[in-house]
Amino acid sequence: MRRRSGFQVMARLIGLVKPLAGFMALAILMGLAGHLCAAFITIFGGYAVLSVLGFGAPLGLTALFVCMGAFALLRGILRYAEQSCNHFIAFKLLALIRDRVFRALRRLCPAKLEGRDRGDLIAVITSDIELLEVFYAHTISPIAIAALFTAALCVLIGSFHPALGLLALAAYVTVGVILPLAVSKLSGDNGQKFRTKSGELSAFVLDSLRGLPEIIQFGQGEKRLEEMDARTSALSVDEGRMKRTAGLGMAAANTVILAFDLAMLLASAALYRAGAVDFDGALLPALALMSSFGPCVALANLGSTLQSTFAAGNRVLDILDESPVVGEVTGRDPVVFSGAETENVSFFYGGETVLDGISVEVPEHAVVGIVGRSGSGKSTLLKLFMRFWAAQGGAVRLSGVDVGRINTSNLRDMESFVTQDTHLFHDSIKNNLRIARLDATDEEIIAACKKASVHDFIMALPQGYDTPVGELGDTLSGGERQRLGLARAFLHGGPLMLLDEPTSNLDSLNEAVILRSLGEEREERTVVLVSHRQSTMRIADRVYSVENGRMS
């Protein structure tokens with residue numbers, strides 16, 4: 001994780017506001033007008049007092065009360081309009097950020113995400129992004145409003161006497177700048193720790209839910225629950241520490257406000273006694289200062305919450321800034337499949353050699369088998385063909401062209417990849433299949449399922465192809481999911497099929513049907529078949545054996 005300063009995170013987050021700059025300006029103007037209305041209610045009240053006491057006032061008593069009523073009404077309307085604009089901006093930007101994060105995850109998949117904790121990732125794309133709503137709705141415009149409002153009130157108070165204007169400026173800067181920075185510094189990296197631990201707790205909960213059958217089977221429920229309680233308690237302690245810091249900041253702000261109110265009273269009284277100001281110059285600056293701390297208090301309250309917000313923003317920016325292991329290729333001439341090969345390929349992961357000097361030739365319209373024990377590097381070889389990873393030595397080619405020089409979309413169109421664990425979305429079987437080709441007809445879907453020996457099973461279900469699949473496909477067996485994965489590959493229609501243990505969860509009857517279908521596909525497709533089963537290799541035209549990352 002890259003550590004950015006709060007100002008760096010703020011600058012990046014503010015940069016996203018550009019498409020909605022007009023709405024932000026409108027929110028700032030309405031917020032400024034609303035706070036000025038609130039301040040002038042008190043100021044006009046002071047003028048009313050002066051009028052009753054016989055001192056001069058710019059308006060009559062009736063006009064002053066009418067203005068106070070009008071400003072009170074306007075204050076409510078402007079406050080509502082400001083908040084509406086801010087939340088419109090916030091939710092629009094959250095949608096924009098989610099879109100950018102999703103696009104970033106697509107770029108990073110699958111290489112960068114294979115080692116990433118799924119639960120922590122879910123926390124980033126849910127709670128961390130949601131927390132940014134506080135920044136966009138309650139941080140940007142309040143800062144701008146406070147700056148403009150401070151300038152206006154300092155000019156107003158300073159018009160009675162420059163010393164009073166400087167005192168007001170000192171009060172606003174202390175409450176709105178110095179205190180938030182002090183509270184933020186006092187918070188340290190508590191916000192970052194809290195967001196990190198929150199992500200770890202989400203990961204632990206997700207892991208527990210996925211492994212619930214094993215937890216129950218081996219009687220580990222109590223131990224798992226104790227660990228969850230311990231993590232939750234630790235998170236509560238961190239949150240309590242943050243709340244205490246926030247409370248301390250609020251108490252300090254209120255104390256400073258009272259102190260400056262008293263200082264303004266004493267200063268204006270001293271100037272009045274010295275004859276430097278009239279009675280209105282003593283009364284109105286004090287009333288104006290007392291009624292004008294609202295925008296600065298809003299900033300003071302941000303001191304502790306900003307740490308969590310910046311921590312969340314930092315985690316989101318980490319995803320947006322992360323570089324993919326392999327970038328998308330565009331702008332190349334289209335390639336038509338005519339065979340594949342690897343030449344002296346080497347690949348290392350985490351300092352460990354996975355493949356070392358592997359050379360494989362895959363002629364067009366052939367079935368090529370790759371056998372080897374688990375962990376020998378067979379699956380990694382298929383991922384290199386897909387360019388999920390980039391080979392660190394040697395070359396991987398399709399049609400004589402290095403896969404790094406083929407347009408990514410072109411490469412995906414040429415290849416159909418079936419992994420050992422087929423992922424099914426929480427949708428109907430038909431829609432889960434159609435993801436392989438969105439324009440596929442029902443007849444084409446049925447034909448693909450027949451080749452994968454899964455059509456009869458689907459038709460036996462209550463709703464046939466419209467039967468919903470449970471989350472993560474848990475309503476289906478491993479073999480059924482695997483056959484649906486094969487049906488996807490047949491439906492996709494790529495000329496090169498890369499199959500990673502496609503029959504590992506199948507019985508001998510279904511395996512025979514699928515192998516026959518694969519054999520019949522020779523006229524249309526080339527197949528690379530990875531398996532540790534010797535029975536699966538009987539349809540292969542040639543077989544390569546990989547042991548410990550080397551060809552044997």
Side-chain angles (χ1 to χ4, degrees), residues 110-111 114 325-326 329 335-349 352-408 410-420 485-486 489 492 494-504 514-515 518-519 521-552:
E114 285 193 353
V325 173
V326 289
V329 180
V335 173
V336 178
F337 181 77
S338 60
E341 63 177 332
T342 67
E343 182 181 353
N344 200 30
V345 162
S346 298
F347 182 76
F348 310 93
Y349 185 79
E352 181 181 348
T353 301
V354 180
L355 295 173
D356 185 13
I358 297 294
S359 296
V360 173
E361 186 178 354
V362 184
E364 189 177 10
H365 303 307
V367 177
V368 175
I370 300 175
V371 297
R373 292 177 295 182
S374 296
S376 60
K378 307 185 303 298
S379 300
T380 300
L381 187 59
L382 296 189
K383 292 177 181 178
L384 294 180
F385 274 119
M386 290 291 295
R387 201 169 168 266
F388 287 169
W389 299 91
Q392 286 132 351
V396 181
R397 305 187 188 96
L398 262 66
S399 306
V401 181
D402 191 280
V403 291
R405 297 180 177 273
I406 301 175
N407 291 334
T408 302
N410 186 190
L411 187 66
R412 298 289 179 264
D413 288 339
M414 286 191 289
E415 297 175 327
S416 299
F417 184 35
V418 179
T419 62
Q420 297 182 46
L486 282 165
H492 179 64
L496 175 61
M497 294 183 71
L498 304 171
L499 309 180
D500 189 2
E501 300 283 2
T503 61
S504 59
I514 289 169
L515 292 178
L518 290 174
E521 290 289 308
R522 278 187 175 88
E523 295 301 319
E524 299 180 17
R525 304 191 220 295
T526 302
V527 179
V528 178
L529 189 60
V530 163
S531 180
H532 65 276
R533 281 187 179 183
Q534 291 297 329
S535 59
T536 306
M537 292 295 115
R538 64 177 180 267
I539 65 166
D541 298 309
R542 63 177 69 180
V543 177
Y544 294 92
S545 179
V546 179
E547 294 296 335
N548 299 320
R550 293 177 175 271
M551 201 70 75
S552 62

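All of these numbers come straight from a predicted model, not from anything done at the bench. Positions are given from 1, in the same order as the sequence printed here.
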Could you tell me which non-hydrogen atom of [X] sits nearest to which non-hydrogen atom of [Y], and how far apart they are?
X: Asn344; Y: Ser359; value: N-OG, 2.7 Å
X: Phe385; Y: Val403; value: O-CG1, 4.0 Å
X: Pro502; Y: Leu529; value: CG-CD1, 3.3 Å
X: Leu355; Y: Gly377; value: CD2-O, 3.5 Å
X: Trp389; Y: Val326; value: C-CG1, 3.8 Å
X: Ala489; Y: Met497; value: CB-CE, 3.6 Å

Any donor-acceptor pair under 3.5 Å linking the side chain of [X] with the backbone of [Y]?
X: Asp500; Y: Ser379; answer: no
X: Asp541; Y: Val367; answer: yes
X: Ser545; Y: Gly372; answer: no
X: Thr342; Y: Val360; answer: yes

>> I'd like to check the side-chain hydrogen bond (donor to acceptor under 3.5 Å, both in side chains) partners of Asp413; sequence neighbours left out, ordered by chain and number.
In response: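 If we apply the side-chain hydrogen bond (donor to acceptor under 3.5 Å, both in side chains) test to Asp413, skipping adjacent residues, there are no hits.
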
> Under the side-chain hydrogen bond (donor to acceptor under 3.5 Å, both in side chains) test, which residues partner Arg373, sequence neighbours left out?
Replying inline: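 If we apply the side-chain hydrogen bond (donor to acceptor under 3.5 Å, both in side chains) test to Arg373, skipping adjacent residues, the hits are Glu547.
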
For the atom pair [atom1] ([X]) and [atom2] ([Y]), what is the distance rounded to the nearest 0.5 Å?
X: Lys383; Y: Leu498; atom1: NZ; atom2: CG; result: 12.5 Å
X: His365; Y: Glu524; atom1: NE2; atom2: CD; result: 9.5 Å
X: Leu518; Y: Ile539; atom1: CG; atom2: CD1; result: 5.0 Å
X: Met386; Y: Leu411; atom1: CE; atom2: CG; result: 6.5 Å
X: Thr380; Y: Phe347; atom1: OG1; atom2: CZ; result: 6.5 Å

> Can you name the ring pair (Phe, Tyr, Trp, His ring centres under 6.0 Å) partners of Phe417, sequence neighbours left out?
Replying inline: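 With neighbours one apart ignored, the set is Phe388.
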
>> A side-chain contact here means heavy atoms from C-beta on lying under 4.5 Å apart; do Ser376 and Val371 qualify?
In response: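 A side-chain contact is absent here, since even the closest heavy-atom pair is not under 4.5 Å.
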
> Are the side chains of Arg525 and Pro495 in touch, meaning some heavy atoms are under 4.5 Å apart?
Replying inline: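 No, their side chains stay 4.5 Å or more apart.
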
> Any chance CZ of Arg405 has more than 12 other-residue heavy atoms, nucleotides or ligands included, within less than 6.0 Å?
Replying inline: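 No, not enclosed.
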
> Applying the side chain to side chain contact (heavy atoms under 4.5 Å, CB included) test to Leu499, which of Ile370, Leu486, Thr419, Leu382 qualifies?
Replying inline: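 Of Ile370, Leu486, Thr419, Leu382, side chain to side chain contact (heavy atoms under 4.5 Å, CB included) with Leu499 is met by Leu486 alone.
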
> How would you list, by chain and number, every residue that makes a salt bridge (Lys or Arg N to Asp or Glu O under 4.0 Å) with Asp402, sequence neighbours excluded?
Replying inline: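 Salt bridge (Lys or Arg N to Asp or Glu O under 4.0 Å) check on Asp402 returns nothing, list empty.
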
> Taking only residues two or more places apart in sequence or in another chain, which ones pass salt bridge (Lys or Arg N to Asp or Glu O under 4.0 Å) with Glu364?
Replying inline: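 For Glu364 there are no salt bridge (Lys or Arg N to Asp or Glu O under 4.0 Å) partners, ignoring immediate neighbours.
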
>> Assess the residue pair Tyr544 and Glu361 against the criterion (side chain to side chain contact (heavy atoms under 4.5 Å, CB included)); give the C-alpha distance rounded to whole Å, side-chain angles, the decisive distance to 0.1 Å, and a yes or no.
In response: CA-CA 9 Å; Tyr544 294 92; Glu361 186 178 354; 3.7 Å; yes

> Which is it for Thr536 and Leu515 under the side chain to side chain contact (heavy atoms under 4.5 Å, CB included) test, yes or no, and what are the steps along the way?
Replying inline: CA-CA 7 Å; Thr536 306; Leu515 292 178; 3.9 Å; yes

>> Could you walk me through whether Leu496 and Met414 satisfy the side chain to side chain contact (heavy atoms under 4.5 Å, CB included) test, starting with their C-alpha distance in whole Å, then the side-chain angles of each, then the deciding distance to 0.1 Å, before giving a yes or no?
In response: CA-CA 6 Å; Leu496 175 61; Met414 286 191 289; 5.6 Å; no

Indicate every side-chain donor-acceptor pair of residues 391-400 with a distance under 3.5 Å to a residue at least two apart or in another chain.
unit_1	atom_1	unit_2	atom_2	d
Gln392	OE1	Phe348	N	2.4
Gln392	NE2	Phe348	O	3.1
Arg397	NH1	Glu341	OE2	3.4
Arg397	NH1	Glu343	OE1	2.9
Arg397	NH2	Glu343	OE1	2.9
Ser399	OG	Val336	O	2.7
Ser399	OG	Ser338	N	2.8
Ser399	OG	Ser338	OG	3.4

